[in-house]
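One structure is given below, encoded as structure tokens.
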Amino acid sequence: MSKKPRTAITPTREENFPEWYQQVIKSADLAENSPVRGCMTVKPYGWALWENMINIFDPWLKEYGVQNCSFPLLIPVEYLSKEAEHVEGFAKECAVVTHHRLEADPDGNGLRPAPDAKLEEPFVVRPTSETIIGEAMSRWIQSYRDLPLQLNQWASVLRWEMRTRMFLRTSEFFWHEGHNAFEDHEGATKDCLHILGLYEKFFTEVLAVDGYKGVKTEDERFPGANETYAFEMMMQDGKALQAATTHDLGTNFAKTFDIKYQSKDGGEELCHTTSWAFSTRMIGGLIMMHGDDDGMIMPPRIAPQQVVVLPVIKDDGTAGQINEYCDKLVAQLKEKGIKAKVDGRDMRTPDKMWDAIKKGIPLRVEVGGREMEAGEVTCVRRDIGRDSKQTLPLEKFLVEAQGLLDAIHDDMLANSRKFRDEHTTDVSSVADIQHFFSGDGLGFVKAPVDILKDESLEAVMKEHGLSTRNMPFEDEGRTVLIAKAY
RNA sequence: CGGAGUGUAGCGCAGCCUGGUAGCGCAACUGCUUUGGGAGCAGUGGGUCGCGGGUUCAAAUCCUGCCACUCCGACCA
């Protein structure tokens with residue numbers, strides 16, 4: 001037994017943040033690296049988290065008028081090449097499908113693509129779907145009556161990334177991609193801002209994280225977009241994470257894919273299109289924003305499991321009664337719409353506790369002979385830890401459980417905002433930026449937007465691996481956020 | 001694609017220089033004592049040593065060809 005409190009995750013965040021991140025994922029059983037280069041296997045607990053995100057966010061899109069659909073995984077290479085900036089942005093990271101049949105290798109080394117099965121027209125595995133959806137839009141839209149057309153798909157895409165990290169940057173990743181078409185610029189802009197607002201609502205009200213909404217600088221724009229809006233967050237190690245983006249594609253894709261409509265007065269007009277997304281990367285964001293040295297901390301409203309009930313069994317013949325008490329408790333919590341489960345596994349109680357801690361289950365409830373006798377439960381908040389341990393009457397707990405979960409959410413969100421604010425430093429010159437990042441400065445610096453015209457900025461950005469994150473709405477374009485980023 | 005490195009039990013590694021019965025830690029399994037913030041003891045199971053060729057009485061070890069992956073650079077939701 002060591003004297004100082006041992007952390008569940010080794011190393012700690014301070015000792016080695018990237019390694020800590022990997023260990024949290026492993027300890028929480030969220031995902032693992034797969035045998036496929038750069039691709040992860042999302043394990044049941046991690047997928048449950050993603051499913052919850054889908055289940056909560058998807059109805060919001062439908063409410064707004066977006067319809068779900070599914071487009072092919074494979075995109076003709078020719079499509080990608082049509083939009084000049086778009087190709088340039090994605091061509092370097094595309095996996096290409098060139099054959100449609102395998103055959104035994106004559107040299108005896110398993111299988112090889114059959115030379116006579118070479119495709120006339122190769123495909124790329126979609127890195128994003130603007131092009132193939134654009135092609136469909138050109139046929140689906142004829143009249144102003146067909147607008148707006150609002151489409152979304154939940155899908156995975158593939159980008160052949162050089163350096164990968166689970167959730168944050170994997171070759172294959174899961175996301176939703178929305179693609180909307182409007183009559184004019186105003187419609188497209190409103191759409192971008194509306195979706196960005198939905199993202200903000202989702203992040204703050206469900207994931208308990210906050211950041212900065214804003215406009216991307218020109219060099220950080222999506223390839224093929226006229227304007228990119230982004231939600232930027234600050235991680236605990238001082239690096240920023242782009243959590244979601246919406247793109248005003250102007251008429252760029254409309255021109256290349258011939259997306260036109262007849263207006264009321266009979267004229268032929270180009271559509272204004274948008275695209276927008278958030279991805280499983282957000283799970284990485286949750287880990288790096290909320291996690292501590294004991295592992296994951298699940299925001300209650302997205303947690304696959306909100307309450308774990310641990311029966312504390314002693315060898316005194318009361319096991320059956322305690323289990324019954326726990327089952328009843330879980331049933332009552334479920335009636336209140338709380339995701340609760342008894343951990344009835346054949347394991348030692350302390351091991352179950354640590355397991356629940358590492359998985360980040362928001363509320364842990366312990367029930368032993370003492371509680372059962374007294375008609376009580378003991379509960380502990382994951383975000384605070386043992387200091388929050390309290391024993392209260394069962395009835396009272398049932399009434400207060402939802403409130404406890406909400407309180408955890410509120411505190412986590414407040415912490416996230418506090419962290420963001422404490423890691424945003426106002427600067428006024430390139431020298432300030434140099435000074436900030438040369439010292440132990442961590443986080444965003446916020447500079448007057450004119451600084452982008454300063455020629456000495458580029459060298460400083462390069463030296464410290466910085467990029468512009470966005471020009472936050474709150475300052476109406478007068479400032480720009482700069483940080484290291486994932 | 002440049003530079004470096006690694007492939008040996010589920011995971012992490014030692015053994016290789018100097019060929020000679022395949023080893024350690026963790027995990028798993030069994031038993032007993034335990035169980036309210038990471039238990040102890042005893043025992044058990046598990047590996048064609050990345051793949052192919054060569055040298056040798058004998059290859060994880062030496063030679064050779066191939067493959068895969070990791071890290072560092074340019075790219076990135």
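Reminder, nothing fancy here: chain letters follow the sequence lines and each chain counts from 1.
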Partner residues of A/H423 under the ring-ring contact (aromatic ring centres under 6.0 Å, His included) criterion, sequence neighbours left out: A/F419

By ring-ring contact (aromatic ring centres under 6.0 Å, His included) - contacts of A/F17 (at least two apart): A/W20

Which residue lies more 5' along RNA chain B, comparing A/K26 with A/E371 via nearest heavy atoms: A/K26

Sugar-phosphate only, base, or nothing, as touched by A/K352 at under 4.0 Å among non-hydrogen atoms: nothing

Touch class at under 4.0 angstrom, heavy-atom based, for A/G89 against every strand present: nothing

RNA chain B-proximal residues of residues 459-469 of chain A, any heavy atom under 4.0 Å: none

Residue whose nearest RNA chain B nucleotide is more 5′ - A/M347 or A/I9: A/M347

Where do N or O atoms of nucleotides 26-34 of chain B meet protein N or O atoms at under 3.5 Å, pair by pair?
{"from": "B/rU34", "atom 1": "O2", "to": "A/R348", "atom 2": "NH1", "distance (Å)": "3.1"}

Partner set under side chain to side chain donor-acceptor pair (under 3.5 Å) for A/N415, not counting sequence neighbours: none

Rounded distance in Å - CD (A/E32) to C1' (B/rG10): 11 Å

Nucleic acid contacts - residues 39-51 of chain A versus RNA chain B, non-hydrogen atoms under 4.0 Å: none

Flag for A/T245-A/T228: side-chain donor and acceptor within less than 3.5 Å: no

Residues forming a ring-ring contact (aromatic ring centres under 6.0 Å, His included) with A/W354, sequence neighbours excluded: none

Partners meeting salt bridge (charged side-chain N to carboxylate O under 4.0 Å, His left out) with A/K26 (sequence neighbours left out): none

With sequence neighbours excluded, residues passing salt bridge (charged side-chain N to carboxylate O under 4.0 Å, His left out) with A/K389: A/E366

Summary of salt bridge (charged side-chain N to carboxylate O under 4.0 Å, His left out) pairs that have at least one residue in residues 294-304 of chain A, sequence neighbours excluded: A/R301-A/D406

For A/D191, all residues meeting side chain to side chain donor-acceptor pair (under 3.5 Å), sequence neighbours excluded: A/Y64, A/N180, A/T274, A/W276

Sugar-phosphate, base or nothing in reach of A/R364, heavy atoms under 4.0 Å: base

Qualifying residues under side chain to side chain donor-acceptor pair (under 3.5 Å), relative to A/T128, sequence neighbours excluded: A/E130

Sugar-phosphate, base or nothing in reach of A/R159, heavy atoms under 4.0 Å: base

